[in-house]
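Data block below; observations after.
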Amino acid sequence: MVASKSLPDEREPDLEALAPGAEPDVIRGYLLPEDRGRFDSALADARAGGDRDRVWTCVERWRGIAVLQADRQRFRRLVRQIAERTTGVPSPEDEPLDVTRARAHI
């Protein structure tokens, strides 16, 4: 597992830190806490294969997710919109994010 400092939910996102080529520990720090274990596992699997392209692809995929999650409030709105389009039913603003993500299949 990669150690990284957790970033507060209400910070101003520093998208320059998440530019292409960002280090995995920086990417991990911008992910929601519930996604960090999935990132760690995906990165460990990619590294185990010994294929640098596979590692790069994994890191870049998760970097994109981190960019989306960097602004927590915007990410929550996006997930609610996706859930509504997926189900045809609006998501309550106070619905827990994990419930909304499950309805949105993300």
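These numbers were taken from a predicted model, which means no experiment stands behind them. For reference, positions follow the sequence shown, starting with 1. Heavy atoms only: backbone and side chains are in, while hydrogens, waters and symmetry mates are out.
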Worksheet, complete the sentence: Correct closest heavy-atom pair for P24 and F39 would be O-CE2, 3.6 Å

Worksheet item: Hey, is the main chain of V89 close enough, under 3.5 Å, to the side chain of E84 for a donor-acceptor pair?
Response: no

Worksheet item: Would you say the side chain of E34 lies within less than 4.5 Å of the side chain of D98, judging by non-hydrogen atoms?
Response: no

Worksheet item: Who passes side-chain hydrogen bond (donor to acceptor under 3.5 Å, both in side chains) against R101, sequence neighbours left out?
Response: D35

Practice prompt. Would you mind telling me which of L43, I65, V59 makes a side chain to side chain contact (heavy atoms under 4.5 Å, CB included) with I27?
Written response: V59

Worksheet, complete the sentence: For I82 and A104 the tightest heavy-atom approach is CG2-CB, 3.6 Å

Discussion item. If hydrophobic clusters are built from ILVMFWY residues whose side chains come within less than 4.5 Å, do V26 and L15 share one?
Written reply: yes

Practice prompt. Measure the shortest side-chain to side-chain distance between L32 and F75 over non-hydrogen atoms and say whether it is less than 4.5 angstrom.
Written response: yes

Discussion item. List the residues meeting side-chain hydrogen bond (donor to acceptor under 3.5 Å, both in side chains) with T87, not counting sequence neighbours, and say none if there are none.
Written reply: R103

Worksheet item: What is the minimum heavy-atom distance between A22 and A17, and which atoms define it?
Response: CB-O, 3.4 Å

Worksheet item: Any sub-3.5 Å donor-acceptor pair from R36's side-chain atoms to G29's backbone N or O?
Response: yes

Worksheet item: How far does CG of D94 sit from OG1 of T100, to the nearest 0.5 angstrom?
Response: 9.0 Å

Fill in: 4.5 Å side-chain heavy-atom contact, W62 and R38
yes

Discussion item. Around atom CD of E93, are there more than 12 heavy atoms from other residues, nucleotides or ligands closer than 6.0 Å?
Written reply: no

Item to complete: Indicate the atoms forming the closest heavy-atom contact of R76 with L97, along with that distance.
Response: NH1-CD2, 3.4 Å

Worksheet item: Tell me, which pairs form a salt bridge (charged side-chain N to carboxylate O under 4.0 Å, His left out) where one or both residues lie in residues 48-62, sequence neighbours left out?
Response: E60-R63

